[in-house]
2 protein chains.
Amino acid sequence: MKDKIYVHVADDHKILIEGIIAVINTDKEIEISGYSLTGKEVVDWFDNKNNKADVLILDITMPVLDGFEVLKHFNKKGIFLNVIILSSYDDIKIVQEMLKLGCKGYITKNNAGEHIVDAVKAVANGEQYFSNDIKNILLKSITSKNIAVGDTPNSFLIDTLTEREIEVLKLITKEFSSTEIADVLNIAISTVETYRKKLLKKLNVKNSVGLAMYAVKNNIV
Amino acid sequence: MKDKIYVHVADDHKILIEGIIAVINTDKEIEISGYSLTGKEVVDWFDNKNNKADVLILDITMPVLDGFEVLKHFNKKGIFLNVIILSSYDDIKIVQEMLKLGCKGYITKNNAGEHIVDAVKAVANGEQYFSNDIKNILLKSITSKNIAVGDTPNSFLIDTLTEREIEVLKLITKEFSSTEIADVLNIAISTVETYRKKLLKKLNVKNSVGLAMYAVKNNIV
DNA sequence: ATTTAGATACCCATTTATGGGTATACGTGT
DNA sequence: ACACGTATACCCATAAATGGGTATCTAAAT
């Protein structure tokens, strides 16, 4: 009923890649179209237009570029991949950061074998997939606030803020006026006002309150 | 090893309350200390200092005051209860709203029987509890953004705001200017500005951004 | 009956923010 | 060599917000 699912695997341990290939080869629907041992290789592989993959299985700890940097790179380029994080980290902060960066699945290495095929099929199908331990820590993290809300899909694809813009934005949320921000950052008030204008435009909000609300919604503060 | 867990049940269907009592009575650790058929009754029951419960099982659809309003009332009063929502709604928006209002558990009526005892014990113990279907929709809702983050627990309203002040505050967080707020509420701009002054003073913040941040931190929005 | 809290509205003046430009300087990558 | 993004800074004008008052009306509480 549908084409094969092509998968690219990235992990700095060759043996783990071989394991994943072995597992995935047991399923006729899925095929490995490439693999990488460093983040740099991943980026380069996808830069080549001849290479294509429906799903990227991505380790976090890798030489040259780590998993975070790889996703940031793709986000910046506006490249939208179905990414499954395969990591031994089960720290909530890391999982959240990866979700913010747009990953669609997250499985831990402990029980990768039993999950990998299902995970690949799920994310290739536009769904999300988490291994049970990740599910648990995600649920635990749900408190009385800041519940996940289905936003504009892939809203990370919009205008990326520069470091300085984020710096200004953070100070705005701390109730600083332009004068005070200029003081703290040692720049002219006019410059701060330039940043305010850029922020308003990039984030498409009406005023400083909108900036603050954006910052909150997007975990910038 | 520990005292009994006292539970108050609120649902407008008497038969459902009876069912819950029957289920809960099978467990020696838990005891029903009261029940209510409307939201108003719940509020009144807890207003009486002689009444106490460790856990409140709360329906959403109820006459006089619904579940949302009951939780809002307790939040406003600074009353902190371990609340389990028992509802037939499994809409993500509703679950999220209830979590924002501070509920500690959420189970659907489909499979209440098999979950109710575990849920009560969990929330009485300070943990969270969700039935499997709720777990699933919560996980589904986790997108690339707005992941749950553990905040300051129970930071309720200090200086009580009036209804009108809260109304204005909410509009401020929606990026409305004073002119627009005056328009929406059909009052003079000068009146809106009076509210802004009062809000700034009561909440002890410097500007509108401070108001917005306060509103977010305190679940007003 | 009198106080109190809340909603409403205006006066004044000053400070900030917004919206439209333009412009220079620096570094990266093609 | 040149384009591009980023950080910086200024011009202009208008809109909005802030900070200090005072004041009236109503409903609820004492």
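The basis for the numbers below is simple: all heavy atoms, side chains too, and nothing from hydrogens, waters or symmetry mates. In what follows, chains are A, B, ... by sequence order, proteins preceding strands, each numbered from 1.
- Nearest to the side-chain atoms of B/L200 among the listed nucleotides D/dG19, D/dA17, C/dA17 stands D/dG19.
- Summarising the geometry, the separation between CD on B/E167 and C1' on C/dG6 is reported as 13 Å, rounded to the nearest angstrom.
- A heavy atom lying under 4.0 Å from DNA chain D marks the following residues of residues 180-195 of chain B, by number: B/E193.
- Counting only heavy atoms from C-beta on, B/T162 has its side chain closest to C/dA7 among C/dA7, D/dT8, C/dC11.
- Annotation for B/F68: atom CZ counts as buried by contact number, over 12 foreign heavy atoms lying within 6.0 Å.
- The distance from atom CG of B/L161 to atom P of C/dA7 is 10 Å, rounded to the nearest whole Å.
- Between A/I172 atom CD1 and C/dT16 atom P there is a gap of 14 Å when expressed in whole angstrom units.
- Across the protein-nucleic acid pair, A/N204 atom CG and C/dG19 atom P stand 11 Å apart, rounded to whole Å.
- The side chain of A/K197 lies closest to C/dG19, out of D/dA16, D/dT18, C/dG19.
- Looking at the side chain of B/N207, the nearest of the listed nucleotides D/dT18, C/dA17, C/dA7 is D/dT18.
- In this structure the side chain of A/L185 never reaches within 4.5 angstrom of the side chain of A/V192, judged on heavy atoms.
- B/R164 has no side-chain polar atom (N or O) that falls below the 4.0 Å cut-off from OP1 or OP2 of C/dG6.
- The shortest non-hydrogen separation linking A/V209 to B/I172 is CG1-O, 3.2 Å.
- Between B/K206 atom NZ and C/dT16 atom P the separation is 9 Å, expressed in whole Å.
- Between the P atom of D/dG5 and the NZ atom of A/K198 lies a distance of 11 Å, rounded to the nearest Å.
- Summary of helix geometry: the two end axes of the helix from C/dA1-D/dT30 to C/dT30-D/dA1, each defined by five base pairs via their C1' atoms, are inclined to each other by 40° (rounded to 10°).
- The minimum heavy-atom distance linking A/L71 with A/C103 is given by the pair CD1-CB, 4.3 Å.
- Salt-bridge formation is not detected for the pair A/R196/A/E193: no Lys NZ or Arg NE/NH1/NH2 atom is positioned less than 4.0 Å from an Asp or Glu carboxylate oxygen.
- In this structure, A/I84 and A/N82 have side chains that are not in contact, with every pair of non-hydrogen atoms separated by 4.5 Å or more.
- In terms of heavy-atom proximity, B/Y35 sits nearest to B/E41 at O-OE1, 4.4 Å.
- At least one side-chain heavy atom of B/F130 sits less than 4.5 Å from a side-chain heavy atom of B/L99.
- Atom CZ of A/R196 is separated from atom C1' of D/dT8 by 17 Å (rounded to the nearest Å).
- By the 4.5 Å heavy-atom criterion applied to side chains, B/D59 and B/L86 are not counted as neighbours.
- Contact check, A/S178 against C/dA17: a side-chain N or O comes under 4.0 Å of OP1 or OP2.
- Atom C1' of nucleotide D/dA28 and atom CD of B/E163 are separated by 16 Å, given to the nearest angstrom.
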